[in-house]
Amino acid sequence: MLRFDPNFPTIGEIAKLVASGALGGTAAAWSNWGIEKRRNKLAYRRELVESWRKMVLDVTRTYESPHNEDVSFTELIERREAYYSLKPHLPTETLDALKAEKNKEHIDVVTGGRKTTVNPPDRLIGLLTDDIARIERRWDLV
């Protein structure tokens, strides 16, 4: 004979336990997903900053090379894939300076030991590296 045990949980109580377990598991998964999403975003941003810095260094070396074709610093920058991910983050001042250098406005001719350069990129390098550092701070990467 079956007897009713008053200490045994009812169907409603069992359903509540199952639902709370499912909600707890979903909340934990959601939380882990959020943490992983943030971790991936930070890693991606670090890669971007690293690629931008490498781009500026590589373009500077190319520009200063005695075997360089006669192109502006800005044209060399614009040939790099990394520039197009940086460009939307650049302030108007930097974009205007790059444009002026490309259009050969405010031309300065400097004769160095190895070659003569037009519009040396010192100011542009300073603007770009400062902007990259600003973006890095804004993204909380430092």
Side-chain angles (χ1 to χ4, degrees), residues 2 4-142:
L2 290 173
F4 177 71
D5 184 359
N7 295 326
F8 193 78
T10 64
I11 292 178
E13 291 172 337
I14 292 173
K16 286 179 187 177
L17 289 172
V18 169
S20 68
L23 286 174
T26 302
W30 181 267
S31 174
N32 288 338
W33 175 79
I35 291 168
E36 189 63 28
K37 181 180 173 185
R38 176 161 166 68
R39 187 176 296 137
N40 289 340
K41 187 176 184 178
L42 287 173
Y44 174 71
R45 286 178 167 182
R46 281 189 183 100
E47 289 173 16
L48 280 176
V49 168
E50 183 180 328
S51 73
W52 297 338
R53 286 197 170 115
K54 183 178 182 328
M55 172 193 65
V56 171
L57 181 63
D58 290 347
V59 168
T60 302
R61 287 179 179 158
T62 301
Y63 181 79
E64 293 174 349
S65 167
H67 306 294
N68 175 28
E69 51 190 86
D70 220 10
V71 295
S72 71
F73 184 82
T74 303
E75 289 171 320
L76 291 172
I77 284 276
E78 289 175 342
R79 292 178 181 176
R80 302 299 176 110
E81 185 178 332
Y83 174 69
Y84 295 97
S85 62
L86 173 61
K87 187 177 179 180
H89 302 284
L90 294 176
T92 305
E93 176 190 4
T94 303
L95 294 172
D96 289 346
L98 287 167
K99 183 179 177 184
E101 191 269 345
K102 182 178 181 180
N103 295 334
K104 303 200 183 327
E105 297 172 11
H106 315 293
I107 295 176
D108 295 323
V109 178
V110 176
T111 304
R114 293 189 288 160
K115 82 176 223 179
T116 300
T117 57
V118 176
N119 288 324
D122 294 341
R123 179 170 180 263
L124 296 175
I125 293 167
L127 288 171
L128 289 169
T129 55
D130 289 348
D131 291 337
I132 292 168
R134 178 186 45 79
I135 294 165
E136 188 176 38
R137 282 191 307 274
R138 188 177 73 220
W139 284 349
D140 291 327
L141 299 178
V142 288

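For this chain, numbers begin at 1 and follow the sequence in order.
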Nearest-0.5 Å distance that lies between atom CD in Glu75 and atom CZ in Arg79: 6.5 Å
Residues in side-chain hydrogen bond (donor to acceptor under 3.5 Å, both in side chains) with Arg46, at least two apart? none
So how far is it from Leu57 CG to Thr62 OG1, rounded to the nearest 0.5 Å? 9.0 Å
Please list, chain by chain and in numerical order, all residues satisfying side-chain hydrogen bond (donor to acceptor under 3.5 Å, both in side chains) with Arg53, sequence neighbours excluded. Glu136
So do Lys102 and Leu98 actually touch side chain to side chain, heavy atoms under 4.5 Å? no
Counting distance only, does the side-chain N/O of Thr60 pair as donor-acceptor with the main-chain N or O of Val56 below 3.5 Å? yes
Show every donor-acceptor pair shorter than 3.5 Å between a side-chain atom in residues 81-93 and any protein atom, with sequence neighbours excluded, or say none if there are none.
from  : atom 1 : to    : atom 2 : distance (Å)
Tyr84 : OH     : Glu78 : O      : 2.8
Ser85 : OG     : Trp52 : NE1    : 2.8
Ser85 : OG     : Ala82 : O      : 2.9

Residues at least two apart in sequence or cross-chain that pass salt bridge (charged side-chain N to carboxylate O under 4.0 Å, His left out) with Asp130, listed by chain then number, are none
Is the closest side-chain heavy-atom distance between Ile132 and Met55 below 4.5 Å? no
Atom pairs and distances, side-chain donor-acceptor, residues 36-43, under 3.5 Å, sequence neighbours left out:
from  : atom 1 : to    : atom 2 : distance (Å)
Glu36 : OE1    : Arg39 : NH1    : 3.0
Asn40 : ND2    : Glu36 : O      : 3.4

Thr94: which residues meet the side-chain hydrogen bond (donor to acceptor under 3.5 Å, both in side chains) condition with it, sequence neighbours left out? Asp131
Is there a side-chain contact between Tyr63 and Leu124 in this structure, where contact means two heavy atoms from C-beta onward sitting under 4.5 Å apart? no
